[in-house]
Amino acid sequence: MTSVFDQYEQASQRSKQAVAPPIRHDISTTGFIQMKLQDETPIFIKQKVNFMPSEKISHMCVSSNFIVISMANHILLRIDMKHPDTPEEIEISKYIGNLRLSGLFLDPLGQHLIITTIPKQGDNTSAAEIFYLHRKTTKLKQASKFRGHEITAVGWNYANTSETTTGPILLGTSKGLIFETEIGLEGDKIFTTSLEQYWRQLPNYLPLYGSKELEGLVFDIGKDSKPPITGLEFRRIPNTDKYVVILTTLIRIYQYIGAVTSHDEKPLLQQVFSKYLNRKERFNQLESSLPYSKMQLYFSSPQEFPKTFSWLTETGILIAKVDSKVDPENILVNQQMLPCPETSLLSSSVSRKKNAAPLSFVLTEFHVLLLYSDHVKGVSLLNQELIFEDIYNDAFGKLVNITKDPMTGSIWAFSERAVFKYKVTREDRNVWQVYIEKGEFELAKQYCKDNPAHIDQVLIKQAEKLFENKEYDTSALVYADTHSSFEEISLKFLQENQTEALKTFLKKKLEGLKPQDKTQITMIVIWVVELFMNQMGALRSSETSYLQNPRYIELQKQFDSFLATNKVEECVRKNRSIIYNIMASHGDKDNLLRLTIMNRNYEEVIRQHLYKNNHLEALEVLKSQANKELFYQFAGILLQELPKPTMAALISQGSYLKPSKLLPALVSCNGDEKHAREIIRYLEHCVYEQSCQEQAIHNFLLSLYARYKKDEVMRYISSQGQDISMVHYDVHYALRLCQEAKLTEACVQLSALLGLWTTAVDLALTISVDLAKQIAAMPSHHGNDELRKKLWLKIAEHVVREKDDIQQAMNFLQQCDLVRIEDILPFFSDFVTIDHFKEAICNSLQEYNRHVQDLKEEMEEATKAAEIIRKDIQAFRTRCTFVQARDTCNTCEVQLLLRPFYVFPCGHRFHSDCLVAALTPMLPLERQTRLAELQHQLTLASTRPDELAKHNQSTHSGSADGSASASLSTKEQIKADFDDLVASECLYCGELMIDSIDKPFIEEEDYERVMKEWA
């Protein structure tokens, strides 16, 4: 349960929370995640250390997680934060005696502690002493050489990495003197360096000090005034041999910058101070009545050069950037005073001492913590606002000091009776907002830590600022990277009539879209094209010579560049009709043509040329592109205007084009003879040179021949041949064309091709008898003698009855071997005498006689052959073979006589069961079924004849008497059927073996098993 005191402590702390503006969304964001913009944890959180001092705390120092606390009872408490439960108590009263401890100085490594003392009363510093304590011992070592000097500041060597020695360090005194020394550890013995060997005397100061007092003195900033040194730091400037020494007094800041030529020379920094011995020092001065001042440097790590300088004065905290590159004599640049806040984050009832200066302070990267006697305030270095306040309980006494561990950056505050630690949690969390308010947007982006919500707010503020300053183009670029409302930003530029800025915004927005944002890409591309068209259209309408206008030329270049980007090119390709319509609506034919060429949209290019009646240019574009579909699409239009060049272009494409797809264009252009002749030229190229076999092409060519080149019809029909299965045109269509064109000879050929022999001969007889003879001779190729005889008789009848030419009719008997004299006699008139046919009749009778003689010889040969066959059959019935006792089965190689067997004429021998087993897989399925059935019947016949008889009675329609003789005959029949199925041919020599030659040795279902066995 929380104690009442803890509740009070929480109530006495207040942190100012920055209010972040809300997130706005944009069309380019799909699934933007709402993020918490503000961390509710305070930047500074106080934690009380579980430590109760036995006396009041006077001093405390922290470094490398080592804490040294000095209490009023002259006890030093040394704590290792890695082991906080085992503190070391060191009694120092016996070393300092009646002196009062004035300061504790711990080196960055936490190994070397310098303790300074002064007399308890009075201003006499001659009795001041310095003591040294190493981390590994509890015994103080007095540095007697510094007796009489009150050390008020120590400049530690941050480049030192040794735990046994401090390296060169600077000591500042209350009288403005600067000493350089080195304190070390040799073995187990703690010692201070031999000052007599290390220090040098400076002749400039001999009149002012004794020689002993000058040992180790490297500089005197006061000479006359002797101001106390309140802060002292030195660093080596990176990548140079220069060192810088910064020290402060109550009212001044001194800088000493110089090169160190030899790093082995002692004292080291005497080389820096030497050039200021005879010249006036450079310092900054502020009036202050405070009896103290404090200096701090901020660095992100001890090895790095400091970034920020701070100095506590009566007026406030002087803040400066540390930069060694601006001015070689001044590294503290951009100095500004941070006033101490007079307001409070807590209730007004809490009393405050007005205009009180802080007792001490701690500098962080972006804040400064001011320590007062009863509270701590945190102020932002960027906007000087009070962001934190912490009130301390009086039970712990007054606050004494606040300090920071230079190595770890932890912050410690202590009062008279308590120690507190401040935890710093992401102190840069609100820096981006402060930089926004100051207008330093680039710095604000750096401190957004890649937080998309914060970066978006920075960009929005930056864009708004640019818009207010009328830097519209730059503002558009920044707006495009935000998640602001797309419509809102576009409307802002439209209201200001800033077309260029709007285009910039849209193009930049387009760059950030992903390929899957197709709708947004399409919308933006169309909008930008419309804006370009408006601008270019306005110039075209206002000037006749707009092509020479520099503004128009620049717009054209921008437009071409826009269209050339990948996203735009792809979008235009997918929405080309919309883009073309926009350009056409603005009358921009030049860009329309350019775009079609750029996108290789040759269809639109050709359309534009045809629209302008530039048919020759359209034909050239058609020939230069590779899309054959455009040939089919535009061939008809171009053929109408340019028949010869267009047909030459089609012929030049060769087999790349399909003639059948060009048919619609060709058919539409065959209205006159000029176009028809060009079409015939192309079709002849397809038929005779490309060997086109498409029937439509051949039919179209034949139709054009019939109309415009009748003399080519017969040549074409003859070239196709007389085999109807080999011709490529429709014979019925061709016959109809030739009939309409009255091409009788062609009709004869086509009728013969269709098998209309009678019609063909009738038509041929109208032309010539010789043509009819040719047609009549054609059926001989088909082996139809009856038809040939019929056709020849028709020709003979025509010759006899129409021409009454007996001699020519008699010649038919020699031209056709199927026609006899008796066949043509009925065609002659009754008045013709037999003398005209005597020779033909005699020849016919002789032919019959020869035919009868041939038949008689064939009958005698058949009788002899039948006798030979009968003898062979009789000899085969008496044929036998011998089986020896040592003969074995060709399959199982077991003696043949042990079981029933088969012997084939070829000499192969098989056991009956072996033959069945080997033959069964080779038989068809139905024969395998039959074989199994016969085997079953044989088994029944041998064992149970009665069952066999019943089985046969049920399966056969024939009657059965059930006698033993009937059973015997049935068994013999079954055995005969079985032998006929099994032993009809040899297993090795028969047709089954030949048929199985293509079968695999191993079946698929046995393949894996066999492979495993072989493996």
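- The side-chain heavy atoms of Asp405 and Asn65, taken from C-beta on, include a pair separated by under 4.5 Å.
- In the model, Thr166 has no side-chain atom that pairs as donor or acceptor with a side-chain atom of Asp107 under 3.5 Å.
- Listed for the Lys136 side chain is no donor-acceptor partner under 3.5 Å among the backbone atoms of Thr164.
- Scanning both residues, Lys120 and Asn98, for their nearest heavy atoms gives CG-O, 3.0 Å.
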Problem set entry | Check against side chain to side chain donor-acceptor pair (under 3.5 Å), Ser410 and Trp412 | CA-CA 7 Å; Ser410 59; Trp412 301 81; 3.0 Å; yes
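- Screening residues 45-99 for ring-ring contact (aromatic ring centres under 6.0 Å, His included), with sequence neighbours left out, gives no hits.
- Between the CD1 atom in Ile402 and the NZ atom in Lys294 there is a gap of 11.0 Å [rounded to 0.5 Å].
- Cation-pi contact between Arg235 and Tyr158: present, with separation from the ring centre below 6.0 Å and deviation from the ring axis of at most 45°.
- For Tyr372 and His375, the distance between ring centers is under 6.0 angstrom.
- Look at Lys275 and Glu329 and you find a salt bridge, because one of the NZ, NE, NH1 or NH2 atoms lies within 4.0 Å of a carboxylate O, short of that distance.
- Side chains of Glu314 and Ser289: a donor-acceptor N/O pair is present below 3.5 angstrom, by distance only.
- With Tyr132 as the aromatic partner, Lys141 does not meet the cation-pi criteria of under 6.0 angstrom to the ring centre and within 45 degrees of the ring axis.
- The pair Lys307-Asp323 does not meet the salt-bridge criterion, since no charged nitrogen lies less than 4.0 angstrom from a carboxylate oxygen.
- Looking at Ser293 and Thr230, their side chains do bring a donor and an acceptor atom within 3.5 Å of each other.
- Between the CZ atom of Phe388 and the OH atom of Tyr422 there is a distance of 5.0 Å, given to the nearest 0.5 Å.
- Remark: Arg100 pairs with no residue by the salt bridge (Lys or Arg N to Asp or Glu O under 4.0 Å) rule, at least two apart or across chains.
- Checked for salt-bridge contact, Lys226 and Asp220 miss the test: no charged N lies under 4.0 Å from a carboxylate O.
- A salt bridge links Arg147 with Glu129: at least one charged nitrogen is closer than 4.0 Å to a carboxylate oxygen.
- In this pair, Phe283 and Tyr254 present their aromatic rings tilted. The plane angle is within the 30 to 60° band.
- In this structure, CD in Glu180 is found 8.0 Å from CD in Gln270, a value given to the nearest 0.5 Å.
- Between Gln47 atom CD and Lys423 atom NZ the span is 6.5 Å, to the nearest 0.5 Å.
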